[in-house]
Peer 1: 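One structure coming up, written as structure tokens, with questions to follow.
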Amino acid sequence: MALRDVNLTIDKGEMAFLTGPSGAGKTTLFRMISAYDRPTSGAVSVAGFNLANLKSFEVPQFRRRIGVVYQDFRLLKKHTIFENVALPLEVRGDASGIVTKKVAEVLEQVGLAHRQGDKPEQLSGGEQQRVAIARALIHQPAVLIADEPTGNLDPQLSLEIMELFEKVNAQGTTVFIATHDVEIVRRKGKRVIEINQGQIIRGQ
Amino acid sequence: MSSHMLRSLARSWREHTGTQIATLVVLTGTFTIVALFLFAQANFVKILTRWGDNVQFAVFLEDAASQDQVSAVKAFLENSGRFKSVDFVSKEKAAETFRQQMGNNSPELLRDPEFGNPLPASFEARLLEGVDSKSSYDVLVDLAGRVISLPGVNDVSYGQGWVENYASLLKVFATSSWILLSVLLAGSLLIVGNAIRAAVQGRRDEIEILELFGATSWYVRGPLIVEGALIGLFASILSIGLCFALFQWQQKIAEENLGFWGLAKEVGFLSGTQIAIVLLLGLGFGALGSYLSVRRIATGWAAAERI
């Protein structure tokens, strides 16, 4: 059993960190709340969707309501930065004019407006993470979930990325970040939820 | 077709050109055999039907048959609606024909004063419609049974053995055609399915990412199904072209070497309907083969793990 007796509420508009050692269950919890895995028992409610009872056809609807940032970025290597960032809008069928405008705006927000035509491999790790964040934000999700978003970055870049998340949170988006970077968590002074051996031990 | 679909198709062709070409070639071969079968079936039946048109229905009369009985037999044949002509052949006419046909082989026969006339008078009837199926053969057998029971009729001949073999041949050909076509079309499903499966494997990461950002099943599967359908359609178009080239070639051979059979005039290329059938088969089986290989992907929950 990866998680047990977990009882956790994050309020709308809140920014919170999930910390814990490797194997504590952070990724499992992260996969549950991003509808990557289905819980075997209990209830998981995110952005108005009860994920435990989510039907297959409702999964895409839910995923369009959240934004997800992965530690390994999960960018499409053969696609341009523009195409990667446009993905959430493309899958919901937005008109190309709107897509172009919003991609330009969000890339401007993360400081990569000039890299639209590049491929991910032409970007540094920090830039790729910012592209991943831009993709997670472009459809204005109700909740932004990030799994170790600074795991591959140096301390300076990590701080920049965290500042970006704070900006997003300031605009009203709920932000939930799984990280093992204790220093960053301490400096930000936000709510910290600590998990170990599948159970929440602090910040419930 | 959406820009997403077009981009997806273009990317798939660019990234899996070798697999796509191999699939197209194998599928073209398969559909060429299907098209050739339709072609052969239509023309084989046409040629056999032409031969079936020449089936003679002969009713041999008893020597003692009265004029009324002969008239009744004639009326029965004419009113049956099965014959385009009914000709009476007298004993004398039959003997004369026999002498003419056998004279060259046996000159003594013509000079033999003792030669009697063992041949009966008969009616020779030509069928209105040829024997082109087992059912039309059964109608002929039934008719013969009714004619032979008429007073004054001694025997009925319609090349029973030959016609029976011929009707069986038609049946065997039709049955074997369907079996072979079924096998080939099932094979085409597997061929397309494998090509699409290879494309899915090559795009596993992309599919997973699409799903994670809210792509629906059909957003993911649609381009793959259209890709399969297009491969099938292109293959069927190529197969019809190949079949036409083969047809032209065989026409030339038939005219040059087998002209005396008149086959070149009998044999025709696929009809518009048959061409449409081949194209629809290509399109349909391409889409179906593709669907069968993608039906388990993009089902919602952790879909990428089920690829």
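Proteins come first, then strands; the chains are lettered A, B, ... in the order of their sequence lines, and each starts at number 1.
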Peer 1: For A/Arg65, look at atom CZ and say whether over 12 heavy atoms of other residues, nucleotides or ligands are found less than 6.0 Å away.
Peer 2: no

Peer 1: Rounded to the nearest 0.5 Å, what's the gap from OG1 on B/Thr216 to CZ on A/Arg64? Could you check?
Peer 2: 6.0 Å

Peer 1: Contact part of A/Arg92 toward chain B, heavy-atom cut-off under 4.5 Å: side chain, backbone, both or neither?
Peer 2: neither

Peer 1: Do you know which two heavy atoms are closest between B/Phe213 and A/Val91, and how far apart they sit?
Peer 2: O-CG2, 3.1 Å

Peer 1: Non-hydrogen atoms of chain B under 4.5 Å away: do they reach the side chain of A/Leu75, the backbone, both or neither?
Peer 2: backbone

Peer 1: Atom CD in B/Glu208, atom CZ in A/Arg74: separation rounded to 0.5 Å?
Peer 2: 4.5 Å

Peer 1: Given that the side chain runs from C-beta out, which part of A/Glu58 has a heavy atom under 4.5 Å from chain B: side chain, backbone, both or neither?
Peer 2: neither

Peer 1: Measuring from atom OH of B/Tyr219 to atom CD of A/Glu90, what distance do you get when rounded to the nearest 0.5 angstrom?
Peer 2: 5.0 Å

Peer 1: Look up atom NZ in A/Lys78 and atom CD in B/Glu206, then write down how far apart they are to the nearest 0.5 Å.
Peer 2: 8.5 Å

Peer 1: Answer yes or no: is there a side-chain heavy-atom contact under 4.5 Å between B/Arg203 and A/Leu76?
Peer 2: no

Peer 1: Are B/Ile209 and A/Leu87 side-chain neighbours, meaning at least one heavy-atom pair lies under 4.5 Å?
Peer 2: yes

Peer 1: Please flag which part of A/Tyr70 lies under 4.5 Å from any non-hydrogen atom of chain B: side chain, backbone, both or neither.
Peer 2: side chain

Peer 1: Could you name the residues of residues 95-124 of chain A that have a heavy atom within less than 4.5 Å of a heavy atom in chain B?
Peer 2: none

Peer 1: Taking all atoms of both residues into account, what is the closest heavy-atom pair of B/Gly214 and A/Pro60, and its distance?
Peer 2: O-CB, 3.5 Å

Peer 1: With a strict 4.5 Å heavy-atom criterion, list every residue of residues 126-144 of chain A that contacts chain B, or say none.
Peer 2: A/Arg135

